[in-house]
Every structure is written in C-alpha cells, then in structure tokens.
Amino acid sequence: MALKTYFIETWGCQMNVLDSQHLEGLLRARGLEPAGDAVEADVTLLNTCAVREKAVQKVASRLGELRQARQAGGKPGVIGLCGCVAEQDGARLLARSNALSFVLGPGKMSQLGGALDAVEAGQRPSVTGFGATRDYDAHLIARPAGGRQFVTAIHGCSQHCTFCVVPYTRGHEVSRPLAEIVAEVREVATAGGREVTLLGQTINAYRCPATGADFGDLLRAAAQAPGLWRLQYVTSHPKFFTDGMIAKMAGIERVGSYLHVPFQSGADTILRRMHRGYSGAEYVALAARLRSAMPRVSLSTDVIVGFPGETEDDFERTLALVEEVRFSQLFGFVYSPRPKTPAARYEGRISRALAHSRIERLFAAQSAIQLELNQGLIGRDVEVLVDGPARRGTTQWQGRGDDNRVVNFSGWDGIAAGALAEITITGATPHALLGERRAPVARRPAPSA
Ligand code: SF4
C-alpha cells in the first residue's frame, strides 16, 4: 500500500498541538503530503486527549464514523491512534476496533515511521510506554505560520495529584537540557515566532539535567532570543515557586505577565485529598508574593468543583479564595473520575446536579470579577500580537496582550496575523477587551545576549 497523504485530528491541550506538529514533521520527512480531510487521507492520525470525561467513548465513536465514511468511499486507509488515549487504552481499542491500524503513545512519537512500516507489512502494532529519556528532534516539528509557537521544556509529570491521569498518559517528568530549549527558542524566533510558550505540566519545577539550572535561569536564557516579543510558560505549580525564582522571573522584561497557577480547591481537606502539597492560605500568600514582585502579573487558574467529599463549606472556601485573589482568568471543571487515579476510588461522590450548580456559582462570581478587572483597563494602551480576524464580524481583528487577554479591535489595511499592534482599550466584557488601533508598532530590537 502506497501511503502518500496524511491528515491529523488534534484534541486537547497545547502539548497535543505541539505533538501533532511533531507527528506532521515525521510524516513529511517520510514524503507524505497533507490531505484535505480525514476520510480521503491515506494516513489519518487521531491525536487524542484523556483529560476530559468519556475520552475512550469519544475515540471509539470517531473511529466508527471514520470506518463508515471510508467504507462508503471505498478507501480503507490507515488510522493511527496517538496521544493520551493511545497510552491509556490503545491496546484495548486496537483489539476492539478493526478500523484502527496502529497505536502510538506520546512517549514513542519518534517511532511513527517504524509503526507505519509495520502497518505496510500487514501488522497492527501498539507502541506505548516511556524510557528514562525522551526522543525529541525539534528540527522535525512542522511549525505552522503565525506568531505564536510552543516549545517543550518538560515532558510528563511525576506529581500524581490524585485526580489526574497525566502521569500515566505522559509518563514521569523529564526536563530537557537548558541549552537545547534555548537553541530551539532562538530558532523559532529567528523564523518569525514572536511569542514562544514554554510547555511543561509543572514548568516551574524545571531543572536542567546537565547543569542544575532552575526555571528562573531557563527564562532568563530563553528570553534573550533575538526577535522574540514575549516568552510565556504553562503550567506553574504553586509548591515549586521559591523567593529566589520569583526574584529572577521579576527581572526579565520579555517574560509575559500571564501566569497560570492552578489552585484547584480553596479547602485544605480537599487539597490534602488531591495531594496538592499546599493549603489555601499558602496559595493566597503565594499570589501576594507574586504580585508584590511582579505588579503587572495577570494570574490565571484552574479549579475542580465537586471533588469527592466536597462539602458546601469546602466549596464556599473555593469561592472565597476566588474573591480574594481575583484572577484575570479561571478555567473551572466539574470533577469526573479518571482510570488508574486514586480519586476514582474515593467515596463521597457529589451528584452531577450539585456539582453543576456549584460550578455555575463559581463562573458567575468569576465573571463579575473579570468584568470589573477588564473594565479597569478601559483607556489603557496595550500591545497585542495579532492572531487574525475576530470570530464575530469580518471588520474586527483579534489579538492577545502579554497577559493573554483577548482583544478585539477594528481592522485596517495591511494587517496580518503575527503583527504587533498598539491598541487603546475602549470597552470590556468578562471575556474580552474591545479596542481601537493606535499605530503600527515596530519590532523591538533584540537585547544583547
Ligand atoms: S501537577 Fe498537574 S499534570 Fe501533574 S499530576 Fe498534578 S494536575 Fe496532573
């Protein structure tokens, strides 16, 4: 079977987006060309996410759709299951579904070529698991056009929060050498990437395996990349910030003001059951330390509502923490059990109706806070990196400031995605700012390295 074209469907987080770019680069290196859709492609990869509920059912249902459409078109083709569901349930799905040609876990992406060779030889391989190190060839990443790019700093996670499937699907934490990361950031910036986001599940736990440099050292070195506008990073864990690290972070001009630090719950009993390693009061104190060192910091967070055993009083503590810290963005999730995780066996399940009513209260409180914070920005001038036309209306464009806030603004001739624009904020909603463009902004000169 001659495999000439490919299509990749990407579900989930920024790590999966970057992994898909890696998979695409491997396919291109093998001579394959992009196809118009998943049905007509010779090779279709489903790069899946296991963080949301019913992940396996969603994959099975998509496989069924693809099988039907391919049968109707008389084109069986190759379907590969990649990403976190591949690691978690790939072997089972391979046994269950004839539509599936092979399974490739996130720790084995570089073996895509070998998996395709095996498929061409009539096999149905399942390639999963993790080594002590990770194969990672940054030069093979097929980076899309545009000003925003991702660079991996840490693979996997070793924290084992009791609700989280990531340590099982992405393996234990492995930091890449600082020199490799910095070289990749410089290459990406040289190629036109204006904002680079360093990725890691616990990015501020970064420790260079070659030199012992910490996360502050990494930021300082990566931020020197010529042509870079902003260096961002996700996701920070509250327990890994030190005063020394915060001091280093505060002194780096090109580091974005967006700082995503999940707190998950405001109740200490729940935080203990989650194995998060801090108390609600410690989180509030951390937020104050971050704001004191970095007055422009724009704190964002994740919250889980309805964790097993969560009482009304526990939930009130979560609400109180939100009111006290006043996050610029909040991503809330109703708890649902994940395979292999300790919390899946916890007693004290909260009914879906109660959990949903709590998260609605949380969103209402956060929405009011966000509106107030955003309204406070009216009249300010902000610099944004343009992403493209805004979804609503063709006359508006959309970009994000270095605090990750969405800014919709009036368009003008010659604008393009990847440009920097200076905008005066004229209006605000809870989830976006509205503005008018002031004048084109010249690219900033690079600091001396
Ligand atoms: S630190 Fe984040 S990725 Fe790691 S186990 Fe906890 S929630 Fe999951």
Side-chain angles (χ1 to χ4, degrees), residues 159 161 163 202-204 233-243 245-247 249-250 256-307 309-335 350 354-378 380 401-406 428-433:
Q159 291 308 305
C161 300
F163 54 83
T202 51
I203 189 80
N204 55 337
Y233 51 95
V234 287
T235 294
S236 298
H237 192 299
K239 75 180 179 186
F240 292 118
F241 284 110
T242 63
D243 286 339
M245 183 190 297
I246 293 171
M249 292 165 70
S257 59
Y258 177 69
L259 180 43
H260 185 67
V261 194
F263 79 88
Q264 306 299 8
S265 171
D268 293 348
T269 47
I270 298 295
L271 287 170
R272 273 195 296 275
R273 286 161 66 80
M274 289 177 164
H275 285 184
R276 289 290 292 175
Y278 52 86
S279 67
E282 283 167 342
Y283 186 96
V284 171
L286 171 66
R289 278 160 61 211
L290 291 168
R291 284 188 169 135
S292 163
M294 298 178 278
R296 284 191 64 249
V297 76
S298 178
L299 285 176
S300 155
T301 201
D302 290 341
V303 183
I304 293 173
V305 169
F307 191 76
E310 183 188 73
T311 63
E312 183 60 22
D313 181 61
D314 294 332
F315 175 66
E316 294 284 344
R317 286 171 197 269
T318 294
L319 275 182
L321 195 151
V322 166
E323 296 286 358
E324 183 163 3
V325 176
R326 292 172 68 78
F327 297 96
S328 62
Q329 280 177 282
L330 180 150
F331 303 90
F333 306 92
V334 167
Y335 172 79
I350 307 301
L354 181 56
H356 280 280
S357 81
R358 283 179 183 167
I359 205 160
E360 289 307 319
R361 287 164 61 197
L362 175 70
F363 286 153
Q366 176 62 21
S367 189
I369 291 167
Q370 276 182 214
L371 182 60
E372 269 181 47
L373 293 176
N374 287 353
Q375 283 174 334
L377 298 174
I378 292 174
R380 295 250 185 110
D402 81 337
D403 56 3
N404 202 38
R405 282 185 169 93
V406 171
T429 70
H431 300 289
L433 298 168

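We number each residue from 1, following the sequence as shown. Excluded from the calculations below are hydrogen atoms, water molecules and symmetry mates; all remaining heavy atoms, backbone and side chain alike, are included.
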Requested in this report: Not counting sequence neighbours, which residues clear salt bridge (Lys or Arg N to Asp or Glu O under 4.0 Å) with Glu323? List them please.
Outcome: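 Per chain and number, Glu323 pairs via salt bridge (Lys or Arg N to Asp or Glu O under 4.0 Å) with no residue.
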
Query raised in the report: With sequence neighbours excluded, what pairs up with Asp403 under the salt bridge (Lys or Arg N to Asp or Glu O under 4.0 Å) test?
Result: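 Result, salt bridge (Lys or Arg N to Asp or Glu O under 4.0 Å) vs Asp403: Arg405.
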
Treating [X] as the side-chain partner and [Y] as the backbone partner, does any N or O pair qualify as donor plus acceptor under 3.5 Å?
{"X": "Asp314", "Y": "Ala267", "value": "no"}
{"X": "Ser236", "Y": "Val261", "value": "no"}
{"X": "Gln159", "Y": "Arg276", "value": "no"}
{"X": "Ser328", "Y": "Leu299", "value": "yes"}
{"X": "Glu282", "Y": "Ser279", "value": "yes"}
{"X": "Ser298", "Y": "Ser257", "value": "no"}

Query - Derivation of the side-chain contact (heavy atoms from CB on, under 4.5 Å) call for Met294 and Ile246 - result: CA-CA 8 Å; Met294 298 178 278; Ile246 293 171; 4.3 Å; yes

Considering all heavy atoms of both residues, which atom of [X] and which atom of [Y] are nearest to each other, and what is their separation?
{"X": "Phe331", "Y": "His260", "value": "CD1-CE1, 3.7 Å"}
{"X": "Val325", "Y": "Ala287", "value": "CG1-CB, 3.9 Å"}
{"X": "Gln370", "Y": "Pro430", "value": "NE2-O, 2.6 Å"}
{"X": "Gly306", "Y": "Ala355", "value": "CA-CB, 4.2 Å"}
{"X": "Pro262", "Y": "Tyr283", "value": "O-CE1, 3.8 Å"}
{"X": "His431", "Y": "Asn374", "value": "N-ND2, 4.2 Å"}

**Report entry** Residues Arg272, Asp268: salt bridge by 4.0 Å N-O rule
**Finding:**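 So Arg272 does not pair with Asp268 through a salt bridge.
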
Query - Salt-bridge present (Glu312, Arg358; N to O < 4.0 Å) - result: yes

Query raised in the report: Does atom CZ of Arg317 have more than 12 heavy-atom neighbours, drawn from other residues, nucleotides or ligands, at distances under 6.0 Å?
Result: no

Query - Audit row: Tyr233, Tyr258, ring pair (Phe, Tyr, Trp, His ring centres under 6.0 Å) steps and yes/no - result: CA-CA 8 Å; Tyr233 51 95; Tyr258 177 69; 8.5 Å; no

Looking at [atom1] of [X] and [atom2] of [Y], how far apart are the two atoms once the value is rounded to the nearest 0.5 Å?
{"X": "Ile270", "Y": "Thr311", "atom1": "CD1", "atom2": "OG1", "answer": "6.5 Å"}
{"X": "Ser357", "Y": "Leu362", "atom1": "OG", "atom2": "CG", "answer": "11.5 Å"}
{"X": "Arg291", "Y": "Leu286", "atom1": "CZ", "atom2": "CG", "answer": "10.5 Å"}
{"X": "Leu319", "Y": "Glu324", "atom1": "CG", "atom2": "CD", "answer": "13.0 Å"}
{"X": "Gln366", "Y": "Ile359", "atom1": "CD", "atom2": "CD1", "answer": "11.5 Å"}
{"X": "Leu271", "Y": "Phe263", "atom1": "CG", "atom2": "CZ", "answer": "8.5 Å"}

**Report entry** Intermediate values then yes/no, side-chain contact (heavy atoms from CB on, under 4.5 Å), Val303 and Leu330
**Finding:** CA-CA 7 Å; Val303 183; Leu330 180 150; 3.8 Å; yes

Non-neighbouring partners of [X] that pass ring-ring contact (aromatic ring centres under 6.0 Å, His included), sequence neighbours left out:
{"X": "Tyr335", "answer": "Phe307"}
{"X": "Phe363", "answer": "none"}
{"X": "Phe240", "answer": "His237"}

**Report entry** Phe241 and Leu290: CA distance, side-chain angles, deciding distance, side-chain contact (heavy atoms from CB on, under 4.5 Å) verdict
**Finding:** CA-CA 9 Å; Phe241 284 110; Leu290 291 168; 4.2 Å; yes

**Report entry** Pair Phe163-Ile304, side-chain contact (heavy atoms from CB on, under 4.5 Å): steps then yes or no
**Finding:** CA-CA 9 Å; Phe163 54 83; Ile304 293 173; 3.5 Å; yes

**Report entry** Any pair counted as salt bridge (Lys or Arg N to Asp or Glu O under 4.0 Å), so long as it reaches residues 293-306, sequence neighbours left out
**Finding:**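 For residues 293-306, and leaving out neighbouring residues, the salt bridge (Lys or Arg N to Asp or Glu O under 4.0 Å) pairs sorted by first residue read Arg296-Asp402.
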
Query - Residues Glu316, Arg361; criterion salt bridge (Lys or Arg N to Asp or Glu O under 4.0 Å); working and verdict - result: CA-CA 10 Å; Glu316 294 284 344; Arg361 287 164 61 197; 2.9 Å; yes

